[in-house]
2 protein chains.
Amino acid sequence: MVSSSALAAVEPPPDGKAEATRARILDAAARALRARGYAGARLADIASEIGMKAGSLYYHFDSREALVEAVMARGLDYVHTTLERRLASLPADTPPPVRLEQAIETHLVGMLTQGDAASASIKLIWQVPPDVRARVLAGHRAYGALWKKLLRDARRAGAIRDDVDLSVVRMAILGALNWAVDWYRPERASPAAIARDISSMVLRGLEAE
Amino acid sequence: MVSSSALAAVEPPPDGKAEATRARILDAAARALRARGYAGARLADIASEIGMKAGSLYYHFDSREALVEAVMARGLDYVHTTLERRLASLPADTPPPVRLEQAIETHLVGMLTQGDAASASIKLIWQVPPDVRARVLAGHRAYGALWKKLLRDARRAGAIRDDVDLSVVRMAILGALNWAVDWYRPERASPAAIARDISSMVLRGLEAE
DNA sequence: GTCTATAAATTGATAGAC
DNA sequence: GTCTATCAATTTATAGAC
């Protein structure tokens, strides 16, 4: 789900005041969602964090639900788009294991920098109303397909042994990376160092004998 | 935090009706918490799921907050206690890497079977009120200490190379395992098979050259 | 564009009947 | 032990002033 509107969300056009305010609301909502969950993120909290009143949010969004969905879609799209661009920027003959390594670092850095919205999109997926969940899940599947291809290519190149389930591997990698948002502390280890440890563990662990 | 009361929670004594009802409430609350988050788990939903009314819950728990805390403490204690027993049951000369492998399988199976309460304890930790969070986090740290020791012992035995951060490794493993609760489908792969893939990837990935 | 005021619906919690 | 009835506090959402 990397639509043109999604790309616009990743790099907001320098439009009018309304667009800027909309972006500030999305940021505040992402923080509230991550801290208090779907039902716990109150409109009054979101608004007060950026010096507004709850009622004013309805000028920018049709409903609380629409605001939440916008946050979740944007967070996932940021990570998705960033990874697609990173992979596209690699030389065409980049070996699949190196592409996988780059994907691990890109996903982790994306989660740790744009973590509020991105992790809301992932962690709250089972808490939101069914219709919102269905639309956000479509984006999750599209992003997952990108990872499936990375792993398939790596296996075809002989970098992943045959006795492991690629679906399990994919979910294990993403689980390890996604949880980092909850325990990451800048003063302990850099995102690059964390990515290096995880990708070296994963890549060496998947090698054939 | 494996207190005697915690052990009692893992294997409830065949007390009177009140104890049995209390256990059913805890189960229903765990399901609601996992499905809807901290703020979204309503007392009316929890009660109706087991054929009760919201007001009746107050005979068994002082407040909604106390009920939530009981669920979270119980979920974590179940996994913690199960792992301690499993490790204690291993022969004294079991090599550290094998102990680590057993821990990975035990944690995963525990999360997948007692998943509602256990994953609530982990996933909702940042959504609950500060005082509840502080007490539940103390249990998390005690459980984390168990894993720290497993990894230290494995490194001392030469099974983990020196260039990876053990804290990163620990959080990566637990992240991979904890997320399985969200994507696990019995018809796709058994808990044992998932544990095998993850532990083989991790253990081989951490080996020295 | 944002605010104030308010309507309408929920929800946690308590009291008392049974 | 559980239910019914009810209170008090919140919260989403709307309407209209500025």
Q: Taking NZ, NE, NH1 and NH2 as the nitrogens, is one of them in B:Lys123 or B:Asp182 under 4.0 Å from a carboxylate oxygen of the other?
A: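 So B:Lys123 pairs with B:Asp182 through a salt bridge.
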Q: Determine whether a donor-acceptor pair (N or O, by modelled atom type, separation under 3.5 Å) exists between the side chain of B:Arg42 and the backbone of B:Ala39.
A: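 Yes; judged by distance alone, with no hydrogens or angles, the pair exists.
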Q: Distance under 6.0 Å and angle within 45° of the ring axis: does B:Arg22 meet both against B:Tyr59?
A: no
Q: Look at A:Asp165 together with B:Arg188 and state whether they make a salt bridge at an N to O cut-off of under 4.0 Å.
A: no
Q: Identify whether any heavy atom of B:Gly51 sits under 4.0 Å from a base atom; if not, whether one sits that close to sugar-phosphate; answer base, sugar-phosphate or nothing.
A: sugar-phosphate
Q: For A:Gly55 and A:Arg42, take the nucleotide of DNA chain D holding the closest heavy atom to each; which residue's nucleotide lies nearer the 5' end?
A: A:Arg42
Q: Heavy atoms under 4.0 Å, any strand shown: does A:Ala18 hit a base, just sugar-phosphate, or nothing?
A: sugar-phosphate
Q: When you measure from every atom of DNA chain D, which of residues 56-65 of chain A have a heavy atom less than 4.0 Å away?
A: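 Within this stretch, A:Tyr58, A:Ser63, A:Arg64 sit under 4.0 Å of the strand.
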Q: Write down the distance between CG (A:Leu43) and P (C:dT6), rounded to a whole number of angstrom.
A: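 In whole Å, C:dT6 P lies 20 Å from A:Leu43 CG.
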Q: Can a side-chain donor-acceptor contact be found between A:Arg86 and A:Ser89 if the only test is distance below 3.5 angstrom?
A: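 The answer is yes; a qualifying pair exists.
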Q: Please identify the 5'-most and 3'-most nucleotides of DNA chain D with any atom under 4.0 angstrom from a heavy atom of chain B.
A: D:dG1 to D:dT4
Q: Tell me whether A:Arg31 is salt-bridged to A:Asp27, with the criterion being a basic N under 4.0 Å from an acidic carboxylate O.
A: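 No, no charged N to carboxylate O under 4.0 Å.
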Q: Mind checking whether B:Trp147 and B:His107 have parallel, tilted or perpendicular rings, split at 30° and 60°?
A: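 Judged by the thresholds at 30° and 60°, the geometry between B:Trp147 and B:His107 is perpendicular.
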Q: Can a donor-acceptor pair be found, under 3.5 Å and without considering hydrogens, that links the side chain of A:Gln127 to the backbone of A:Tyr38?
A: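 Here the side-chain-to-backbone pair exists.
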